[in-house]
Structure formats: C-alpha cells, structure tokens
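Reviewing the structure listed below.
FYI, side chains are in, hydrogens and waters are out, and symmetry mates aren't considered; it's all heavy atoms of this structure. Remember, it's 1-based here, ligands and their atoms both numbered in the order they're listed.
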Amino acid sequence: MNKPQSWEARAETYSLYGFTDMPSLHQRGTVVVTHGEGPYIVDVNGRRYLDANSGLWNMVAGFDHKGLIDAAKAQYERFPGYHAFFGRMSDQTVMLSEKLVEVSPFDSGRVFYTNSGSEANDTMVKMLWFLHAAEGKPQKRKILTRWNAYHGVTAVSASMTGKPYNSVFGLPLPGFVHLTCPHYWRYGEEGETEEQFVARLARELEETIQREGADTIAGFFAEPVMGAGGVIPPAKGYFQAILPILRKYDIPVISDEVICGFGRTGNTWGCVTYDFTPDAIISSKNLTAGFFPMGAVILGPELSKRLETAIEAIEEFPHGFTASGHPVGCAIALKAIDVVMNEGLAENVRRLAPRFEERLKHIAERPNIGEYRGIGFMWALEAVKDKASKTPFDGNLSVSERIANTCTDLGLICRPLGQSVVLCPPFILTEAQMDEMFDKLEKALDKVFAEVA
Ligand SMILES: *Cc1c(COP(=O)(O)O)cnc(C)c1O
C-alpha cells in the first residue's frame, strides 16, 4: 500500500466523512486535530483554534479537564468495561442512575443507558411502542416532532428529525408527523403577533391530534431550544400553550435535553428554563462532557411505573446495548455532573450569558444580520441579504459557510447552519476568550459581507 504523505491526504483517502460539504473539503482539506488545551484545539501543524462549538456542543469542560481524565483513568484501572444485562451492572451504573434521578426534575424515576443521543431517542420510542401495546393500544405508535428539530441519525431518530436532507434515505418512516417550528421571527406571518403565532401552533397541534387520532399517537418529542436546527428558542409561551393539549389527549411529552441538559441554557435542564415538566428526559452529549459516548433515557415517575408493570407482565424488556451503562462512561458522567454543577461551570454560563448577548446585540446592528437569538451559552446569528424583508442570501453564495471558513482561517471554530452561524462554546470560557471569539467573528463577518453584500 502506497500511503499518501500528508495527514490531510491520508484522511481523505481512507475516511468517510459525515455531515461534510465535499467540494469545500476538497478545496480546504481536513483539519486533523491532535489535542486540546482548555477551549482550544490544536491541529497537526500546531495551529490553535478556539472551538466555539465545544466539539459538537458536548466538550463543555474543555479538551483537557484533569478531573475528568483522572476519573476515567481511575475507573479504567478499577473495572474497564461491563454491561447491564441479565441482572448485572457495575457499581458506577447504580450510582449514576441514582444521581440522574436526583438531579432530574422528577421526584422519582428510572434510567436506561445507550451509547448516543440517537439511540436514546430510539430507545424512548421503543419504550413507548412497547408500553402502549402492553396497555392494549398497539395502534398508539405515531410520533409527533417539529420541523427543524434534530433528534439524531438512526432510522427512527432521523425520522423524528425534521430536516429535508433525510429524504435521501427515503425517510421519515411512515407515522412520524412534523409540526411547525416555533421560530416566530422566521415563521410568524405578516402582521401576526408572537402571541397569535403561539396560538396558531397550539391550534395546529390540536387539529393534528384530532386528524391523526389521539389513540394513534405514542408521544411528542421536543428540544427545549432547538440546537442543530439553528439554535431556536421557543416563541414566548409556546410550551405553556401546547403542554395542556398534549396532556388532554394523553400524549407523553419527552424533552430531548441532549444539548440543553446540564447547563447549556444556564440551568440543569432546558425544561426548567422554559418552565415545563416532561414525562421523560433524553440526555447525552454534555452528560459525560464529551469524554465518553453515552446517552440516557430518564423516565419520570408515571412512565417508570407504567413501564415496570408492562415489563413484569412479559417478564423481560428485550432491549439494551452491549455497552449500556458502561462503568467508565458512568464514572465519567458522575464526575462531569459534579464538575458542571459544583465547580462553577453552569454558574459561568449564567454569569457570562448577559455579556454574550451584549456583544451579539452589537454585532446584529449590521445590515446583513437579520436576528440574533439564543440563551445561556447557545446562540446564533442569522445572515440576511435584506434586513427589513428578512430575505436570505442566495443559497449558492454559501454565506454562513464562508463566514465559518474565514473564522477557521482566523483560528476560530464556529458552525454554519442554514444561513446562520452558531456559537456554543465550552462552559469554561473566560471573558478574555469570549472577547477573542467575538473579535475574530466580527473580522470574518466584515470580510464576508464586504464580498457578498
Ligand atoms: C446530537 C443530538 C442528538 C443525537 O445524539 P448523537 O449522540 O449524535 O446520536 C439527539 N438530540 C439532540 C437534541 C442532539 O443535539
């Protein structure tokens, strides 16, 4: 085998890339990363980048957190791997389940582990299908989500995801129903107030339930703030308007907290920030501060009890992953929860969020920024060709990609999403690092807008 020379060429020759624009990759090459320092990553050429994406939202404690590394090392030495089948599980798994129920918004509950957020959503759907069938409603199987939602990439969680790109897989599967995205700035109609917009979405939900039949709907899934859809906080009063309708028709509400969970919005959970109580929570990403692939379904008291009854009746829940409840992942998650909640990380998010917003507000005065939006440490700037009419730039101009690429050249990683640029830095970010982030971003915005506007 004749191996090419450079890291970039070796990467491109033998690796397949997920969610990567190939023409842009061929032009720019791969950033091959060797290590990280705090919120920075360093590539094979020694270049440093401030990663304002926290990896993929998940490296909230940065890339070299000593306490997390030590927790992983210690657990690898004690007991490096086990499962949670056949009535066995590690002591770390026992402790993490207790901890997750303790920090959840629930008085009691139960936890089931997966390796990712997609699998946790997939698992939750299977739990609902199983539960409703066991309760004599085998037809209660449809899943309600929203357009622009991101719930993952497995066949089921991709079907829940409300993105047009999944059509290349022939998805969504039948029975996955998408409702209007609660983004007032973009989907509010001419002359419609935010309140009227929310009322319209509530009406749409009720009409959808009546049209499909409440007895055919297994559950409703929502991210408190949509993440990969472009950081979309709900319109004001959205959850308060839709929750009573879902309750009225006996449809379980699942909060997908894969991004929002553990501090991203400033609180432990996004549902706390937006003041609603779901029936179950999906966690991943921040759960281990990105130091281990792991997801969790956290069931509240009612679903726990109903599921227990259903499982006892057939004596076994036939589901689980080989690495579910992996002891190293659980040990890391225990440490990560402690670090985020007790070592000042969530507090740093709350402390610096106003400063974050202040800088964005200033940036959004530019004629080519339509709006800024977000909360805590998750924000987006939306580029527009025309501010008053909210007209987007021609898609062929790839404006957000150009901004992100220019940022990369300046040593800042941020993410283009549609016509917006997303900033979701690690929670350890200092004020000086925040200034660096915004100074680089402003430079990139000025350069790109001068080219395209
Ligand atoms: C990332 C994400 C998922 C999927 O998690 P994976 O670990 O990538 O499978 C699910 N839901 C939300 C809200 C996410 O952001």
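Looking only at protein heavy atoms, the nearest one to atom 1 (C) of ligand 1 is Lys285 NZ, 1.5 Å. Annotation: atom 12 (C) of ligand 1 to nearest protein heavy atom, Tyr150 O, 3.3 Å. The nearest heavy-atom contact from the protein to atom 7 (O) of ligand 1 is Gly117 N, 2.9 Å. The shortest contact between atom 9 (O) of ligand 1 and any protein heavy atom is with Ser118 OG, 2.5 Å.
A side-chain donor-acceptor contact under 3.5 Å links His183 and Glu371. Judged by distance alone, the side chains of Thr30 and Tyr17 do bring a donor and an acceptor atom under 3.5 Å apart.
In this pair, Phe292 and His326 present their aromatic rings tilted. The plane angle is within the 30 to 60° band.
When each of Leu299, Leu303, Ile311, Ile254 is tested with Met127 by the rule side-chain contact (heavy atoms from CB on, under 4.5 Å), just one qualifies, namely Leu299.
For ligand 1, the atoms lying closer than 4.0 Å to a non-hydrogen atom of Ile259 are 15 (O). Using a 4.0 Å cut-off to heavy atoms of Glu223, the atoms of ligand 1 that qualify are 13 (C). Every atom of ligand 1 with a heavy atom of Asp256 under 4.0 Å away is listed here by number and element: 10 (C), 11 (N), 12 (C), 13 (C). Every atom of ligand 1 with a heavy atom of Asn121 under 4.0 Å away is listed here by number and element: 10 (C), 11 (N).
Counting heavy atoms from C-beta outward, Leu243 and Arg247 have side chains that approach closer than 4.5 Å.
Contact check on Arg355 versus Glu358 returns no salt bridge, with no Lys/Arg side-chain nitrogen under 4.0 Å from an Asp/Glu carboxylate oxygen.
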